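Read the structure below first, then the notes.
Proteins come first, then strands; the chains are lettered A, B, ... in the order of their sequence lines, and each starts at number 1. Everything numeric here is computed off the predicted structure, so don't read it as measured data.
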Amino acid sequence: MPWLEIKDPYKIWISEIILQQTRVAQGWDYYLRFIEKFPSIDILAFAKEDEVLKVWEGLGYYTRARNLLKAAKIIFKDHNAIFPKDYEKILALPGIGPYTAAAISSFAYGLPYPVLDGNVLRVISRYTANDQDILSSKTKKIIENYLNELMQEVKDPAIFNQAIMNFGAMQCTPRNPGCESCQMSKHCMAFKEGLVEQIPFKLKKVKKKVRTLNFIDLIDNRGNRLINKRTEKDIWMGLYQFLLLESNIKFSILEIEETIISNEIKTKGKLTLVKQNEYRHELTHQTIKGKIFTVRCKEIINAGPKMIKTNSLSGYPFPKLLDLYLQDNHDNYDK
DNA sequence: AACTCGGGGCT
DNA sequence: AGCCCAGAGTT
């Protein structure tokens, strides 16, 4: 993508983090909004985690956002609020691995570090007809060594890295690569041997879990809701949710009442189940069945130890699943 | 080395 | 339904 015009290491950093496992079309608006809200390292360094996650809401892989904040604080404290110019120091920042460190080093500072992403792995494994498991660290090391040697003769590492990734994205694509019109095909070992369709080879297949999440959206007559922050090392860590019970058991008003009581939540008035939504949320590694029970009562007196009582949901980041629910029920949503 | 982390687009 | 995406951190 046209990050070539961007020379500000901060902006390159943000864009590269957003583009991890994320397509340009999906991440572009997030990038614009992130830079608008947090224009510089020192502003980001003093942001609240909820603010950063709110901008990230819906993009996924939320650890990226939490690590951006952590890294900004480190840069502010240890690097005088100036983005480090040394590869090892860049790599040491949380959320920055080998790919992103090489990308920033080459794009912002012209340093000779080759990027190794999905595109590059595909291009080089085909070019050299490497049919070993592309995800194994051994194969990655072989390709990394190949690129490091190549990089010694490169005049402009930024152009080289951009070019090879673009070549992977535009020409040497995962499916239906344009071998017939490819300038490189006469040197491509996979093309010569008729192995283009089988390379890159991947060994492992993800096994999907199925989880049923029962959320209780308890609302009182003043518009108060009960939410809590997900703190456990699980999907959506750092985001907010309604009272949750993960279980396959069938929920009725009886189970809802029991769940509310067992969480030490105290309410006044009769609990009424006014609506029941179900969303099937397909992710790469799991299928989540989200059942959301909208329950009304006269008054929420005590939120209990884990929950927050609030009459304003705006400002709290929610998983896509719950955001969908809130959009579908905007009549009782202040967002 | 194997697992886990989201969401969306394409076939 | 399966695969992939300008990957990184944890176990």
Legend entry - Residues which pass side-chain hydrogen bond (donor to acceptor under 3.5 Å, both in side chains) with A:Tyr87, listed by chain and number, not counting sequence neighbours: none
Inset, instruction - Tell me, please, which residues at least two apart from A:Glu282 pass salt bridge (Lys or Arg N to Asp or Glu O under 4.0 Å). - result: A:Lys208, A:Arg280
Legend entry - All salt bridge (Lys or Arg N to Asp or Glu O under 4.0 Å) counterparts of A:Lys289, not counting sequence neighbours: none
Legend entry - salt bridge (charged side-chain N to carboxylate O under 4.0 Å, His left out) pairs, two or more places apart, involving residues 178-193 of chain A: none
Inset, instruction - Determine, using ring centers only, whether A:Tyr240 and A:Tyr316 are less than 6.0 Å apart. - result: yes
Inset, instruction - Using a 4.0 Å heavy-atom cut-off across all strands, classify A:Leu59 as base, sugar-phosphate, or nothing. - result: base
Inset, instruction - Let me know the distance between CH2 of A:Trp56 and P of B:dG7, rounded to the nearest Å. - result: 13 Å
Are any protein N/O atoms closer than 3.5 Å to N/O atoms in nucleotides 8-11 of chain B? If there are, list each pair with its distance.
from	atom 1	to	atom 2	distance (Å)
B:dG8	OP1	A:Lys320	NZ	3.3
B:dG8	N2	A:Arg23	NE	3.3
B:dG8	N2	A:Arg23	NH2	3.1

Inset, instruction - Quote, to the nearest angstrom, the P distance that separates C:dT10 from B:dG6. - result: 14 Å
Legend entry - Where at least one partner belongs to residues 244-258 of chain A, residue pairs that pass side chain to side chain donor-acceptor pair (under 3.5 Å), sequence neighbours excluded: A:Arg211-A:Glu246, A:Thr212-A:Asn248, A:Ser252-A:Glu255
Inset, instruction - Give the other cluster members for A:Leu226, using side-chain heavy-atom distances under 4.5 Å between Ile, Leu, Val, Met, Phe, Trp and Tyr residues; answer none if it is isolated. - result: A:Ile216, A:Leu218, A:Leu243, A:Leu245, A:Ile249, A:Phe251, A:Ile253, A:Ile256, A:Ile260, A:Ile265, A:Leu271, A:Leu273, A:Phe293, A:Val295, A:Ile300, A:Met307
Inset, instruction - Applying salt bridge (Lys or Arg N to Asp or Glu O under 4.0 Å), name anything that partners A:Lys268, two or more places apart in sequence or on another chain. - result: A:Glu299
Inset, instruction - Mind checking A:Arg66 for me? I need base, sugar-phosphate or nothing, with any heavy atom below 4.0 Å counting as a touch. - result: nothing
Inset, instruction - Please work out which residues in residues 232-245 of chain A have a non-hydrogen atom less than 4.0 Å from an atom of DNA chain B and list them by number. - result: A:Asp234, A:Ile235, A:Trp236
